[in-house]
Amino acid sequence: MSSYAGKAGLVTGAGSGIGRASALEFARRGAVIAVLDLDEDSARRTVELIAKEGGQAEAVAVDIGDEESVQQAVAQVVSTFGGLDFALNNAGLASHGRVLTEMSLQEWERVLRVNVIGTWLCMKYELPAMQQRGGGAIVNVASNGGLYAISGAPAYVAGKHGVVGLSKVAAVDHGPDGIRVNALCPSVTETAMFDGVVASTGAHIIEQQTAVTPLRRLATPEEVAAAAVWLCSPDASYITGTALSVDGGRRA
Ligand SMILES: NC(=O)c1ccc[n+]([C@@H]2O[C@H](COP(=O)([O-])OP(=O)(O)OC[C@H]3O[C@@H](n4cnc5c(N)ncnc54)[C@H](O)[C@@H]3O)[C@@H](O)[C@H]2O)c1
């Protein structure tokens, strides 16, 4: 895979799971990385892990659901690194275990605020920085729930379909700027988010999800990160507007 030497990027939700694994992998490949997260301590911990491996990173606190916070965070990244070459908009929230008639407006707004509006806000401020640079690459982390239904997760699925649609529109509108935009659609991945699902649903969910996956195992965060890092790299230079499944064959 191409080197990221001389490239600067940001990863949201990089204090945990897929975001942390991706930030580490971008840094191993030579990028300087801004580690953005709502949880500053976990962002700092990711920076420490990157530094331990000899990489360069900076922790930046952000709430992607808050416009001012996103604007400030992206401005801080651009001023620290001198520009922005790529972004992995990964931060997101889970919401499951209720059919839509049982859900409150408050829950819908909580989930869509982060998963859809948050992803849009990130791109709103990343794209001008990339335009200034003369090009760039954005990957938005959706889900297999961005491609088909997950029973009992209406707000999550609607939001992740939104992320896929938003990514496609951005790819069409900003292709002429030399900016590629893709969505990444993982299935169940062993992270804190899935631990939360197991805690509320029961351990049987692990067996159930494994059984419906042709590879008969769940994804590791590193496997999803590998796809994100590839999609942001020049090796994927003619790929834009796609929604890439990383799902052990589930969509097949
Ligand atoms: N784990 C899975 O099974 C799975 C499957 C498909 C898609 N995804 C998607 O992958 C992405 C990463 O999930 P993960 O499993 O690594 O989750 P995770 O819970 O391990 O990490 C998510 C991170 O996002 C941060 N975050 C949450 N809200 C934020 C906000 N408003 N602003 C900034 N940061 C915020 C959290 O602090 C956390 O560090 C999410 O978008 C999720 O929907 C996960």
Side-chain angles (χ1 to χ4, degrees), residues 10-25 34-47 49 59-74 87-96 109-122 125 139-148 150 153 155-164 166-167 183-199 201 205-206 208-210 212-213 217-225 227-228 243-248 250-251:
L10 70 78
V11 181
T12 69
S16 178
I18 293 167
R20 174 175 282 171
S22 302
L24 276 155
E25 193 54 30
V35 173
L36 273 60
D37 208 289
L38 187 62
D39 179 342
E40 259 190 282
D41 289 341
S42 67
R44 276 197 221 101
R45 177 74 188 127
T46 301
V47 169
L49 292 171
V60 180
V62 70
D63 176 357
I64 64 159
D66 180 286
E67 180 156 17
E68 209 182 313
S69 174
V70 174
Q71 184 173 20
Q72 280 173 7
V74 174
L88 177 62
N89 297 319
N90 158 82
L93 299 176
S95 168
H96 62 94
E109 286 178 344
R110 183 186 78 90
V111 176
L112 296 185
R113 163 66 61 176
V114 173
N115 291 1
V116 183
I117 295 179
T119 303
W120 161 66
L121 283 173
C122 289
Y125 292 99
V139 170
N140 296 317
V141 179
S143 165
N144 59 342
L147 301 171
Y148 49 82
I150 300 172
Y156 186 78
V157 167
K160 292 300 189 178
H161 274 71
V163 171
V164 170
L166 180 61
S167 304
L184 195 64
C185 299
S187 58
V188 176
T189 308
E190 292 163 340
T191 68
M193 182 180 282
F194 185 58
D195 291 344
V197 175
V198 173
T201 315
I205 190 90
I206 302 174
Q208 184 207 72
Q209 290 296 313
T210 304
V212 296
T213 305
R217 61 184 179 81
L218 306 181
T220 66
E222 289 73 21
E223 287 175 308
V224 180
L244 179 68
S245 292
V246 184
D247 68 353
R250 281 184 62 163
R251 204 178 172 208

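One-based numbering, in listed order, for ligands and for the atoms of each.
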Donor-acceptor list for residues 11-23 side chains, cut-off 3.5 Å, not counting sequence neighbours:
residue, atom, partner, partner atom, Å
Thr12, OG1, Asn90, N, 2.8
Thr12, OG1, Ala91, N, 2.9
Arg20, NE, Thr46, OG1, 2.8
Arg20, NH2, Gly15, O, 3.1
Arg20, NH2, Ser42, O, 3.2
Arg20, NH2, Thr46, OG1, 3.3
Ser22, OG, Ile18, O, 2.7

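- For the salt bridge (Lys or Arg N to Asp or Glu O under 4.0 Å) test, residues two or more places apart in sequence or in another chain that qualify with Glu67 are Lys124.
- Taking every heavy atom of both residues into account, Ser69 and Asp66 meet most closely at N-OD1, 2.8 Å.
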Just the distances, no angles: every ligand 1 N or O to protein N or O pair closer than 3.5 Å, one line each.
residue, atom, partner, partner atom, Å
ligand 1, 1 (N), Thr189, O, 3.2
ligand 1, 1 (N), Thr191, OG1, 3.1
ligand 1, 3 (O), Thr189, N, 2.8
ligand 1, 3 (O), Thr189, O, 3.4
ligand 1, 15 (O), Thr191, OG1, 2.5
ligand 1, 16 (O), Ile18, N, 2.9
ligand 1, 20 (O), Ser16, OG, 2.6
ligand 1, 31 (N), Asp63, OD1, 2.9
ligand 1, 32 (N), Val62, O, 3.4
ligand 1, 32 (N), Ile64, N, 3.0
ligand 1, 34 (N), Leu38, N, 3.2
ligand 1, 37 (O), Asp37, OD1, 2.5
ligand 1, 39 (O), Asp37, OD1, 3.3
ligand 1, 39 (O), Asp37, OD2, 2.6
ligand 1, 41 (O), Asn90, O, 2.7
ligand 1, 41 (O), Lys160, NZ, 2.9
ligand 1, 43 (O), Tyr156, OH, 2.7
ligand 1, 43 (O), Lys160, NZ, 3.1

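- A distance of 10.5 Å separates CD1 in Ile64 from CD1 in Ile117, rounded to the nearest 0.5 Å.
- The side chain to side chain donor-acceptor pair (under 3.5 Å) search around Arg44 returns Glu40, Asp41, not counting sequence neighbours.
- For Leu112 against Gly159, the heavy-atom pair with the smallest separation is CD2-CA, 3.6 Å.
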